[in-house]
Q: 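Structure in structure tokens, see below.
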Amino acid sequence: MNDWLHTTITSWYAANQRELPWRDPGTTAWGVLVSEVMSQQTPVGRVAPLWTQWMERWPTPTDFAAANTADVLRAWDRLGYPRRALRLHECAQAVVDRHDGEVPSDLDELLALPGIGTYTASAVAVFAYGKRHPVVDTNVRRVVARYAGGEPDAGMATTRRDLTATEALLPTDAATAAIVSIGLMELGATLCAARKVDCGECPLKPRCKFHATGAELPDRPSRKTQRYHGTTRYVRGQIMALLRANDTPVPRVAIDGVWHEDARRAEALAGLITDGLVDALDGDLFVLAGADGD
DNA sequence: TACACGTGGCA
DNA sequence: TTGCCAAGTGT
């Protein structure tokens with residue numbers, strides 16, 4: 001009963017998809033996995049150039065598993081959330097240890113890997129291996145909420161409900177379902193964004209409940225955000241940037257320069273050490289984790 | 001369930 | 001300019 005949706009999305013995506021390096025037909029499952037992890041909470045346009053360099057440097061899980069952690073964190077550069085780089089490194093090691101260096105295609109095996117949650121596991125199974133699963137990210141949740149629910153935004157992320165609602169829209173055929181999923185994501189990332197809709201260009205307009213009811217976006221943001229400057233997260237970022245820029249151990253007094261509040265700075269540094277992103281050396285010196293080789 | 005977790009572009 | 005927002009995951 002959703003045939004119209006499937007053919008509409010499929011043809012729209014074929015004609016309008018953005019050029020992204022990991023969409024090249026020759027991309028490996030590992031390449032897909034890396035692109036998905038890098039894209040977590042990060043605009044894909046910022047990911048693309050880094051992904052290309054990354055895959056040239058570490059083409060396979062085995063290559064990457066052997067990399068030094070400090071090199072990984074430097075290569076991650078300012079992509080954000082450096083813990084993702086750590087998880088990706090652990091993920092490569094798990095792929096080598098548990099799967100003989102081959103990215104698994106089974107959803108549960110993917111889910112068991114470090115840094116791989118519901119979304120990423122589905123995305124790899126579907127986009128790299130052609131499996132049939134609903135792939136539900138923030139874009140899909142929003143587009144489905146608007147198209148099928150007539151609501152301006154998706155509600156709270158409740159995995160089960162999201163999977164059910166998306167599942168109901170997908171075709172039986174795995175290959176087509178994959179294109180519908182990537183098409184919904186693309187639509188949400190381009191024409192049907194959180195704060196800006198372009199119904200005039202949208203192929204789903206004729207049957208979209210949200211458009212039918214006026215497509216009015218609320219003035220209020222759909223989710224709460226917090227101030228960033230001066231937060232622990234901000235100070236962590238400043239410390240990481242300082243350590244990335246230095247090949248030699250950095251004395252505490254240098255770190256003291258990144259933020260004026262002692263307590264905040266201490267909290268940030270302690271957190272980075274706890275998270276395995278920073279190593280403390282004798283003499284009150286600090287380095288990127290694994291800077292001496294893992 | 002709710003919060004922590006980086007960074008930079010855009011309106 | 002300030003603040004929203006981005007292919008989420010782990011706790």
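Order of the sequence lines fixes the chain letters, A, B, ..., with proteins taken first and strands second; residue numbering starts at 1 for each chain. Heavy-atom basis, side chains included; hydrogens, waters and symmetry copies ignored.
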Q: Grab the CG-P distance between L79(A) and dA6(C) for me, whole Å please.
A: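 Atom-to-atom, L79(A) to dA6(C), this comes out as 16 Å.
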Q: For L281(A), which fellow cluster members are found when Ile, Leu, Val, Met, Phe, Trp and Tyr are connected by side-chain heavy-atom distances below 4.5 angstrom, either directly or through intermediates?
A: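 Other cluster members: L285(A), V287(A).
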Q: Does the side chain of T27(A) come under 3.5 Å of the side chain of D24(A) through a donor N or O and an acceptor N or O?
A: no
Q: Should R236(A) be listed as having a side-chain N or O under 4.0 Å from OP1 or OP2 of dG6(B)?
A: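 Yes, within the criterion.
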Q: Rounded to the Å, how far apart are W76(A) CH2 and dG6(B) P?
A: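 Going from CH2 in W76(A) over to P in dG6(B) covers 11 Å.
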Q: Using the C1' atoms only, state how far dA7(C) lies from dA2(B), rounded to an integer number of Å.
A: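 Taking atom C1' in both dA2(B) and dA7(C), they lie 22 Å apart.
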Q: Heavy-atom nearest nucleotide on DNA chain B for R78(A) versus K196(A): which residue maps closer to 5'?
A: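 Comparing both residues, the 5'-ward one is R78(A).
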Q: Reckon R195(A) has a side-chain N or O less than 4.0 Å from the OP1 or OP2 of dC5(C)?
A: yes
Q: Using a 4.0 Å heavy-atom cut-off, does A193(A) contact any base of the nucleic acid, only the sugar-phosphate backbone, or nothing at all?
A: nothing
Q: Go through dA7(C), dC5(C), dC5(B) for me and flag the one nearest to the M185(A) side chain.
A: dA7(C)
Q: Identify which nucleotide among dA7(C), dC5(B), dC4(C) has an atom closest to any side-chain atom of R83(A), counting heavy atoms from C-beta outward.
A: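 Nucleotide nearest to R83(A)'s side chain: dC5(B).
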Q: Name all residues meeting the salt bridge (charged side-chain N to carboxylate O under 4.0 Å, His left out) criterion together with D262(A); count only those two or more places apart in sequence or in a different chain, and write none if there are none.
A: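 With neighbours one apart ignored, the set is R265(A).
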Q: Using a cut-off of strictly less than 4.0 Å between a heavy atom of the residue and any atom of DNA chain C, enumerate the qualifying residues of residues 107-119 of chain A by number.
A: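 When residues 107-119 of chain A is checked for heavy atoms under 4.0 Å from DNA chain C, the hits, listed by number, are P114(A), G115(A), I116(A), G117(A), T118(A), Y119(A).
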Q: Assigning hydrophobic clusters by single linkage (Ile, Leu, Val, Met, Phe, Trp, Tyr; side-chain heavy-atom cutoff under 4.5 Å), is W51(A) placed with Y81(A)?
A: no
Q: Looking at S39(A), I'd like to know whether one of its side-chain N or O atoms comes within less than 4.0 Å of OP1 or OP2 on dG8(C).
A: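 For dG8(C), neither OP1 nor OP2 has a side-chain N or O of S39(A) closer than 4.0 Å.
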Q: Regarding T42(A) and R84(A), is there a side-chain donor-to-acceptor distance under 3.5 Å anywhere?
A: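 On atom types as modelled, these side chains qualify, holding a pair under 3.5 Å.
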Q: Please check if atom CG in D97(A) has more than 12 non-hydrogen atoms from other residues, nucleotides or ligands closer than 6.0 Å.
A: yes
Q: More than 12 heavy atoms of other residues, nucleotides or ligands under 6.0 Å from CD of E109(A): is that the case?
A: yes
Q: The side chain of A189(A) lies closest to which of these nucleotides: dT9(C), dC5(B), dA7(C)?
A: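 Output: dA7(C).
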Q: Quick one about Y119(A) and E36(A) (side-chain donor to acceptor, distance below 3.5 Å, no hydrogens or angles considered), yes or no?
A: yes
Q: Select one nucleotide: of dC5(B), dA7(C), dT7(B), the one nearest the side-chain heavy atoms of T232(A).
A: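 Between dC5(B), dA7(C), dT7(B), the one nearest the side chain of T232(A) would be dC5(B).
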Q: Measure from the side-chain heavy atoms of T138(A) and tell me the nearest of dT7(B), dT9(C), dA6(C).
A: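 So the nucleotide nearest the side chain must be dA6(C).
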Q: Can you check the R141(A) CZ to dA6(C) C1' distance for me, whole Å?
A: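 The answer, rounded to whole Å, is 14 Å.
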Q: Quick one: hydrophobic cluster around F210(A), which other residues, with the 4.5 Å side-chain cut-off, linked directly or via members?
A: V197(A), L217(A)
Q: Please check the phosphate of dG8(C) (OP1 and OP2 only) for any side-chain N or O of R84(A) closer than 4.0 Å.
A: no
Q: Quick one: pull up OH in Y13(A) and OG in S181(A) and give me the separation to the nearest 0.5 Å.
A: 11.0 Å
Q: Rounded to whole Å, please give me the gap between CE in M240(A) and P in dA4(B).
A: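 Atom-to-atom, M240(A) to dA4(B), this comes out as 20 Å.
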Q: Once you round it to whole Å, what is the distance between P of dA6(C) and CD of E36(A)?
A: 16 Å
Q: Would you mind reading off the distance between Y81(A) atom OH and dG6(B) atom P, rounded to a whole angstrom?
A: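 After rounding, the reported distance stands at 7 Å.
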Q: When we call it a touch if two heavy atoms are under 4.0 Å apart, what does L20(A) touch: a base, just sugar-phosphate, or nothing?
A: base
Q: Can you tell me how far P in dT11(C) sits from the matching atom in dG6(B), rounded to whole Å?
A: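 dT11(C) and dG6(B) have their P atoms separated by 14 Å.
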Q: Roughly, in whole Å, what's the span from CG in D153(A) to C1' in dC4(C)?
A: 12 Å
Q: At under 4.0 Å between heavy atoms, what does R23(A) touch on the DNA or RNA strands: base, sugar-phosphate, or nothing?
A: base
Q: Hey, does the side-chain of Q41(A) have a donor or acceptor N/O within less than 3.5 Å of a partner on the base of dG8(C)?
A: yes
Q: Who pairs with R141(A) by side-chain hydrogen bond (donor to acceptor under 3.5 Å, both in side chains), at least two apart in sequence or on another chain?
A: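 side-chain hydrogen bond (donor to acceptor under 3.5 Å, both in side chains) list for R141(A), sorted by chain: D162(A).
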Q: Describe the nucleic acid contact of W22(A) in one word from base, sugar-phosphate, nothing, applying a heavy-atom distance below 4.0 Å.
A: base
Q: How close or far is atom C1' of dC5(B) from atom CD of Q238(A), stated in whole angstroms?
A: 15 Å
Q: Can you pull out the residues from residues 42-58 of chain A that lie within a 4.0 Å heavy-atom distance of DNA chain C?
A: P43(A), V44(A)
Q: For dC3(B), does OP1 or OP2 lie under 4.0 Å from any side-chain N or O of R233(A)?
A: no
